[in-house]
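See structure below.
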Number of protein chains: 4
Amino acid sequence: MLFFESDYTEGAHPAVLAHLNETNLVTVKSYGADIYSASAADKIRAACEAPQADVVFLTGGTQTNLTVISAMLRPYEGVIAAETGHINAHEAGAIEYTGHKVLSLPEHEGKLDAAEVAAYCRGFYADETREHMVFPGMVYISHPTEYGTLYSEAELAALSAVCHEFGMSLFMDGARLGYGLMSEQSDLSLPRIAALCDVFYIGGTKVGTLCGEAVVFPRGNKPLHFLTTVKQHGALLAKGRVVGVQFDALFTDGLYFRIGRHAIEMANALKALFLRKGYELFIDSPTNQQFVVLPNEVLARLKKDVAFSVWQPLDEQRTVARFVTSWATDPAAVAQLAELL
Amino acid sequence: MLFFESDYTEGAHPAVLAHLNETNLVTVKSYGADIYSASAADKIRAACEAPQADVVFLTGGTQTNLTVISAMLRPYEGVIAAETGHINAHEAGAIEYTGHKVLSLPEHEGKLDAAEVAAYCRGFYADETREHMVFPGMVYISHPTEYGTLYSEAELAALSAVCHEFGMSLFMDGARLGYGLMSEQSDLSLPRIAALCDVFYIGGTKVGTLCGEAVVFPRGNKPLHFLTTVKQHGALLAKGRVVGVQFDALFTDGLYFRIGRHAIEMANALKALFLRKGYELFIDSPTNQQFVVLPNEVLARLKKDVAFSVWQPLDEQRTVARFVTSWATDPAAVAQLAELL
Amino acid sequence: MLFFESDYTEGAHPAVLAHLNETNLVTVKSYGADIYSASAADKIRAACEAPQADVVFLTGGTQTNLTVISAMLRPYEGVIAAETGHINAHEAGAIEYTGHKVLSLPEHEGKLDAAEVAAYCRGFYADETREHMVFPGMVYISHPTEYGTLYSEAELAALSAVCHEFGMSLFMDGARLGYGLMSEQSDLSLPRIAALCDVFYIGGTKVGTLCGEAVVFPRGNKPLHFLTTVKQHGALLAKGRVVGVQFDALFTDGLYFRIGRHAIEMANALKALFLRKGYELFIDSPTNQQFVVLPNEVLARLKKDVAFSVWQPLDEQRTVARFVTSWATDPAAVAQLAELL
Amino acid sequence: MLFFESDYTEGAHPAVLAHLNETNLVTVKSYGADIYSASAADKIRAACEAPQADVVFLTGGTQTNLTVISAMLRPYEGVIAAETGHINAHEAGAIEYTGHKVLSLPEHEGKLDAAEVAAYCRGFYADETREHMVFPGMVYISHPTEYGTLYSEAELAALSAVCHEFGMSLFMDGARLGYGLMSEQSDLSLPRIAALCDVFYIGGTKVGTLCGEAVVFPRGNKPLHFLTTVKQHGALLAKGRVVGVQFDALFTDGLYFRIGRHAIEMANALKALFLRKGYELFIDSPTNQQFVVLPNEVLARLKKDVAFSVWQPLDEQRTVARFVTSWATDPAAVAQLAELL
C-alpha cells in the first residue's frame, strides 16, 4: 500500500522521538514550566525574531483555535473566517460552543480577500442596527489553507491592515505552517508572520510531532491569566514537557524546515507526475496537499493500492482526490505511484 | 535532589515509551480509529470484564472531566462533588464553563458520604421551589481522592444505589486509579468499578504514560455522537494512536498494575519511615500520596535536598507536606530520605 | 409626523391594556401558575385545535428563540436557518452564546427552500467527515419572514417532511404571525401550523401586547423541566400574569385576528398607494411590512414628515424603504401619506 | 383569604399602571431609546446623586444578575456570593450557564462578612496553585438579603474596600431595595450605595411594577457595547418603554420610597403582632419579609385562611413561616390576621 492519505498517519519524526527518549527520565516541573518547553520557546522566539513573544504549547489544532479565539474575543464579538475555514466547517461547532459566532465570508481557493473583509466591516459599522449584530472582533485564516493555498506577503499585509483599521486581531492557524513556509511560492517567513499577525500557531501534529501546537503571541500580548484559560478548556497537560520536548527538537538544526522541505519536494514530484500523466489539477496547490481530478475508473483502480482521500465528486465521470505528503513520505512511494498510473 | 513532588514529573514508563518507538513508523488510521487504540480498548474491556464497554481515549484529566460531564448532563442539571473534588477546586471552573453547576457537598477525608448525598437529593425533591434550582444529575467522585483516600466497595455500592434511586449517573475520576487498585486497603477491582459506575476513567498521565486517560462506559452507554462532542471540546487527537499505543502497553502483561504496586510499596516505605522517625500523618493515606506533618524547621531543611509539595500550614510551628511516589520512584531515594530525616 | 417605522412603537392594544387594568389587583400565583395564563393557554389550545399542546409564555422574541432552540438541540447539533433569518442576522449571536451553531442556507425572499434543506442534509449524511461537523438538529423559519413573505401550506408541509426525514424538529418564529395569518395570500391556519411544526410561537409584542410571546409545543412535547430552563435563561417572570393576562385578551373575541386584519388592510392600502404613484416594490410582501424603492430625493423629502426605515441602498439614485403597519396604524395616516407623495 | 405569600402576587401599583395607560398611544423609539426610559434614567441619576451613572432597564432579577455578571467578569473569573445568595441557590444555575462559577462563602443571616471575603482572597492569592482555580472577580450581595436582613453602611463600606483591594467589583442585587431603604434599621441611601458599589440594581418587580429592574453603573462604567450583550441574552425589549414608563412613575414624587415605607409599616405591624401573641422570630428581619416560628398545628390552622410561605421545618413540632408585605398589603389584612392568631 502507498500512503498519501494525510500528514498524520505516522508517529513522530525520528529526531523528535529521539528527544522524547533521551529526556524521558529527567525530572522536571509540570504544567509547561519545564526546561524543554522553555528551551523550545526560546528557539521559536529566535526563529520568529520576536524576542518579546509569548509562546504557549497546546495539544491539537481545534483545541488551539477554540482556546485562543475565546480568550481574545469579548462576549459580543465573533470571528471572521472563510466559509471553508476549518473553524467554520470541520471543528464540530467548537467556536460556537465557547459562545462566539463564526462570521463566514466567501472563500477564494480557501482564502479570505482583504477587500471583502474591509467591505464587510464597513457595511457593519454603517448599519444602524449593528448593535443587534455580532461585532467582528478577529479574523481567522489558515495558512496553508484547507486547499493547500498560500497567502502572499502582500495579501497578509493587506489583511493585517484591515484588521487593525477595524480594531480586530489577526489569527493565523498554522496547522501546516511548515509546509507553507518551505513552498517555492511562499514569500512569507516566520518573522514576517510574527510582524503581521497578532497571534498564530506553528503546527506540530501535522509537521512531525506526535501532538502539539506552539501558539505565538508575537508582541508579548498573551491574554491575562492565559494559563488559567488553558486549564479551563482542559488543554493544560500535567506533563507539559511532552509538547515542549518535541518542539525543542523541531526547532533544533532547522528540523521543522527540513521536514517542510521534504514534503514539498514529494508534493512537487506528485504534481509533476499527475501533470505528466495528463491529469488535471483541481487547485494548483503549492504545498503538501495536492488536489487532482481523477476519472472514476482510475480512482477505483488506484484505491486498491494507494491510500488517499476522496475530496468531492466533480461530475458524473470525475472525482477530486487529495494526495498528501509529509516528513514520512518515501520517494519510492512516488515512484511506485508513477508506475500504477 | 530527591523527587517526591508529584507523579507527573518524569516522562513515560520505559515499556510505554518502547511501544511508542516500535510502532512509530506504522501507518494507521487517524482520530482514534487505529489498530493500537482498538487493541488497547479490547484489553481494557477484558480487564474490566465488561465486553459491552465503550472505551474512548482522551488526553488529560480536566479535559476528560469536562467532556464526559457536559455530554452526560442535561442543560438543567448539575454534578454533585465533594467540596475538595478536583472539578470543584482545581480545574479553573472548567465544568461551569460548559454551563453546569458543581453542587458541592461536605467531604470526609476527600470522600462523599452516600447518606449525605441521599439526604441532599431527598431535600431537593421535597423542596417546592426545586424547579428554580439546579437538578442533581450526576455524582462525581475521585478514587483515590485528592487526599489519597479510597472508597470501599460498600461505600461505592451505597453511592451507586443512591445515584440510581435519584436518576443520577455515577462518574469516577480515576486519574490515579492504578494506585488505588493496588493499595492493600482496596477491596475494589476494575470489574467491580465497572459494575457500580456509569462511567469512569483509567488514568494514564499519572500512572506511566506521557499523557492520556481511558474513559470507560461499561454498559456500552457512550452518549450519542460522542466523537463529535469530543471534537467540539478540542479533545480529539489527529494522531489518536498516541494515547492508544500507550494504553496498549499499559494493559499488556499487567504493566498498569505493576506500576501501581511499585508506587504503593514506595509509599508504604515512606509512611513507615515517617512514623518511625516520630512524625505524625495528617491523613492516613493508603495510596501513593502521603501527607505528613513536619515542624517548619524540618521542612525548611529538607527543602534543600528533597522536592515535595507544601500542602497547607497546620499551625504556627507545623506544616502539612505531601510526598508522592510513582513508577519512577527509586527505592534508593527513600533510603536517602531516611538519612536526611 | 406619520408613523410607519415599526410595529412596536406604541404600547398595547387598548383591549389588552384594559384587561391588565381590570385584573391588576387580583392576587394570583406567581411564575406563570396564575389563572390568566391558564385561561390564555386554554384559548390558544382551542385556537390551534391542539388540546394536548403545552403553552409557555415568554417575554420577547430573541429570548424565546434562544430558550426554545437551546432546550431542544443536543450539544452536538445546530439549527438551520435562512441567511437572513433573525437568529442568524439580528440577535447578536444569542444562539451561539448558548453553544450552538446557526447553519445558514440561502434565502429566497427570506424563505428556506425545502429541497435545498434536504440536499444539505443528504450531503451532510453522505460526508465521511460528518462526525467532525455540526449535526443539523432543527430547522428555524420565521413566518412572516424578515421580508414580510409567507410560506404556503405546501411549502411548510415540504419543510416539515424534510425535517422528519432527517430527524430534525421544525420551529416557526411567529413574531408577526398574526399578520401572516390574516394576509389574503395565506393558506395556513393555526391548526395547520400546529400540525406541521414541532414548536412555534405566537408573537405578542409586535401584534398588540406590551411584551410577550406564546410558545406552543403542539403535541405536549415540551422539553423536560422546561420551567427550569426558562428560569436558567432569566426568562421567567415573577409576575407571569403580565404576559398571561395580555394573551388572555388577545385570544378573546378574536382580537388577535382583528389586529392582524387591520394591519393587513392598512398595508394593502399602502401598497396600492405606492403602486398608484408609480413606485416600484422591492419585494411584493403580502403582510404588514412593505418594501418600496424610493428615489433618494423622495426619501429625503418624506423623512421630514414620515417615520419609516431605510432598509438598504439599491443603487446610486434609489433606496429601499420599509413601511410597517400595525393595530395602531391610523387610516388617516395613509391618506396623509398619499398627499405627501 | 389574607395574602402574605410574596410581594409579587398582584399587578402594578395603581400609579405605575396609570402611567402605562396615559402614555400608551404615544409613538416612541424602541429598544429603550424612548423618552420615558430617558426620563426615568434622569430621575434615578438624581435620586442616586450620580450624574455620570449609566442606567439600563431590564425585565427581571435573574436576567439582570446573569447579564450584569457575565458582562463584567472575564472568562477566568467567578463571582463570590453567600451560600444562600439568590444566584447560588435559586436561579437554576443561570450564572454557571454563562460559564462562570459562583464561589460560595458562609452566610450570616444571609450576609457576607467582609473579613471572610478578605481572608478568602488572601488565601487565594497566597495559594501557589491559584492559576488552576477560578479567580474571584466580583462580589455579589443581595440587599435586603434572602432573609430580609440589611447591610449597614459600615458593612457595605468594608465589603467595598475588600473588593477594591483585590481587584473585584461589588454588585448589589436590589430586587427588594425599596424595602431596605425605608427600613428604620437602614443607614444606607441610594447615593451611599452608588458611592460604594460598582453596579447595583433597583428592583421594580417586587416594589410596584409589573416587571422591570433598573441597573445602575454609578460612574458611567457600563461595559462596552452593553446593549449588544443585553440583546444577546434575550433581555432587550422591543418596547423598552414598558419598563421605562414604570420606573418613570416609580421615581416621580417619591413613589418608590412611599411603596417601601408602606410595606415596612405593614411588616412592623406583623412583627409586633407575632411577638405580642408570643411567637418567636426565626430571624429578626428589619424589612418586608418576616420569618416566624409557628407550632405546626397553628400553621395548619392558619393555612386555611392565610396565604404565606412555609420556609423550612425547625423541629418536629415547629416550622418557620415567611410572611411578606408589599405596596398591596391592606392594613385590614393585618388586623384580620391578629384575630385569627
Side-chain angles (χ1 to χ4, degrees), chain C residues 1 3 5-14 17 20-21 23-31 34 58-67 70 90-94 96-98 175 205-206 209-211 225 227-239 241-243 245 307 328, chain D residues 1 3 5-14 17 20-21 23-31 34 58-67 70 90-94 96-98 175 205-206 209-211 225 227-239 241-243 245 307 328:
Chain C
M1 202 71 176
F3 296 107
E5 183 137 23
S6 79
D7 34 20
Y8 40 84
T9 48
E10 287 80 23
H13 185 280
L17 195 56
L20 281 171
N21 282 302
T23 60
N24 188 55
L25 295 180
V26 182
T27 300
V28 298
K29 288 196 187 304
S30 47
Y31 298 116
D34 62 281
L58 297 177
T59 310
T62 298
Q63 180 186 85
T64 301
N65 288 335
L66 75 88
T67 304
S70 67
H90 278 98
E91 299 193 351
E96 290 83 1
Y97 192 84
T98 71
T205 304
K206 291 171 178 168
T209 63
L210 292 171
C211 62
H225 296 308
L227 184 80
T228 305
T229 298
V230 168
K231 177 71 180 169
Q232 191 178 59
H233 287 290
L236 188 64
L237 291 182
K239 294 177 177 168
R241 68 193 294 155
V242 174
V243 180
V245 165
Chain D
M1 202 73 176
F3 296 108
E5 183 138 23
S6 79
D7 34 20
Y8 41 84
T9 48
E10 288 80 23
H13 185 281
L17 195 56
L20 281 171
N21 280 296
T23 59
N24 188 55
L25 295 181
V26 182
T27 300
V28 298
K29 288 195 189 304
S30 47
Y31 297 117
D34 61 281
L58 297 176
T59 310
T62 298
Q63 180 186 84
T64 300
N65 288 335
L66 75 88
T67 304
S70 68
H90 278 98
E91 299 193 351
E96 290 82 1
Y97 192 83
T98 72
T205 303
K206 292 171 178 168
T209 63
L210 292 171
C211 62
H225 296 308
L227 184 80
T228 304
T229 298
V230 168
K231 177 73 181 169
Q232 191 179 59
H233 287 289
L236 189 64
L237 291 181
K239 294 177 177 167
R241 69 193 292 154
V242 174
V243 180
V245 165

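Numbers restart at 1 for each chain; the letters A, B, ... are given by sequence-line order, proteins then strands.
- Most heavy-atom pairs under 4.5 Å with chain D, from the set C:T23, C:V230, C:T62: that is C:T62.
- No part of D:A328 comes within reach of chain C, as not one of its non-hydrogen atoms sits under 4.5 angstrom from that chain.
- The shortest heavy-atom contact between C:G234 and C:Q63 is O-NE2, 3.9 Å.
- Looking at C:H90, the atoms closer than 4.5 Å to chain D (heavy atoms on both sides) all sit in the backbone: N, CA, C or O.
- Here C:A238 is the residue among C:G61, C:A238, C:G60 with the most heavy-atom pairs under 4.5 Å with chain D.
- Proximity to chain D involves both the backbone and the side chain of C:L25, based on heavy atoms less than 4.5 angstrom apart.
- For a residue to count as touching a neighbouring chain, one of its non-hydrogen atoms must lie under 4.5 Å from one of that chain's; by this rule D:Y8 touches chain C with backbone and side chain alike.
- Counting heavy-atom pairs closer than 4.5 Å to chain D, the top-ranked of the candidates C:T59, C:T27, C:T205 is C:T27.
- Between C:D7 and D:K239 the shortest heavy-atom distance is O-CE, 4.3 Å.
- Pairing each heavy atom of D:A92 with each of C:K231, the nearest pair is CB-CG, 3.7 Å.
- Proximity to chain D (any heavy atom under 4.5 Å) is shown, for C:T98, by both the backbone and the side chain.
- Taking chain C as the reference chain and counting heavy-atom pairs below 4.5 Å, the highest number among D:V242, D:N65, D:N21, D:L236 is found for D:N21.
- Between chain C and the options D:C211, D:G93, D:A12, the largest number of non-hydrogen pairs under 4.5 Å is found for D:A12.
- Closest approach of C:T67 to C:S70, counting heavy atoms only: O-OG, 3.5 Å.
- D:L66 is listed as a side-chain neighbour of D:H233, based on a closest heavy-atom distance under 4.5 Å.
- The contact between C:L210 and chain D is made by backbone and side chain atoms together, counting heavy-atom distances below 4.5 Å.
- The NZ atom of C:K29 lies 6.0 Å from the CD atom of D:E5; values are rounded to the nearest 0.5 Å.
- The heavy-atom pair separating D:R241 from D:N24 by the smallest distance is NH2-O, 3.4 Å.
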